[in-house]
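Notes to accompany the following structure.
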Amino acid sequence: IDFEILSNALNTVSATAIASTTTSAHAATGDVKASATKTTSASDIGGPTARVQGASNGTYYLLYGASGASPNTHEVYEFPGVRLVASRTSTGAAAGDKWTLTVEGSGATITLKIYKNDVQVGTNISDTDAARITGAGQTGMYSDSGSGKYDDFLVEDFAAGGGATYPGADGCGVW
C-alpha cells in the first residue's frame, strides 16, 4: 500500500508512491488542471501529477512541491528519467497551501503552469524537449517521502464543456 485515506485525507504510507486515477474513474485528460492542498509541513516532497501514462513507473508530469529543506522551490519533472522541466520559487510555502499544475498543448510546445493558492508562481513553462508528453493521461498524486498528507484533490478538464472531472481517488470522494 502506497497511500491510505486517513481522516478524510490522502496519507502517504510508503516512500516513492504514486496514486493515479483510473480510466473507469474519468476519461484520460490532455489539457488538464490538477490540484491538492498539502496538509503537513513535514519535510515531505510531492504533489499533483498530470498525463500519467502506464503504471507507477510510467510517464507523467509531476509538480514536485518541496517543503522542509527547500520550502520555496517548486519544480516540474517528467518521469521516467527524472527530467527537470523547470523550477519556480515562491515565498512562505506552508501546510495548508493549495498547489496546482496545469498542462496544455499537444504539439511542439507543451505549456505548464504552477499555482500556489490560485496565484501563478513565476511565468509559464514551455516544454519543447523531444521527450515532452504530448498525449492525454490520468492524474493523481505523488509523494517521495512516506510522510505526505494531502486533501481536496481536484481535477479539471480543459476540453470543450469540461469541468471538474474527478473530485477524489478510486471512488473515495474528496480527500
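No side-chain heavy atom of Val155 sits under 4.5 Å from any side-chain heavy atom of Lys33.
In this structure, CD1 in Ile125 is found 8.0 Å from CG in Leu101, a value given to the nearest 0.5 Å. Taking CZ from Arg88 and CD from Gln120, the interatomic distance works out to 8.5 Å, rounded to the nearest 0.5 Å. Atom CZ of residue Arg132 and atom OG of residue Ser126 lie 11.5 Å apart, to the nearest 0.5 angstrom. Annotation: the span from Trp99 atom CH2 to Lys38 atom NZ amounts to 9.0 Å, rounded to 0.5 Å. Asp127 CG to Thr134 OG1: the interatomic distance, rounded to the nearest 0.5 Å, is 10.5 Å.
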Please tabulate, one pair per line, all N/O donor-acceptor pairs under 3.5 Å involving side-chain atoms of residues 110-118, not counting sequence neighbours.
residue : atom : partner : partner atom : Å
Lys116  : NZ   : Thr91   : O            : 2.4
Asn117  : OD1  : Lys98   : N            : 2.8
Asn117  : ND2  : Asp97   : OD1          : 3.1
Asp118  : OD1  : Lys98   : NZ           : 2.9

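Remark: the backbone N or O of Glu78 is not paired with any side-chain donor or acceptor of Arg83 at under 3.5 angstrom.
Here the shortest heavy-atom pairing between Val32 and Ala50 reads CG1-CB, 3.8 Å.
When only modelled atom types and interatomic distance are considered, Ser87 and His74 share no side-chain donor-acceptor pair under 3.5 Å.
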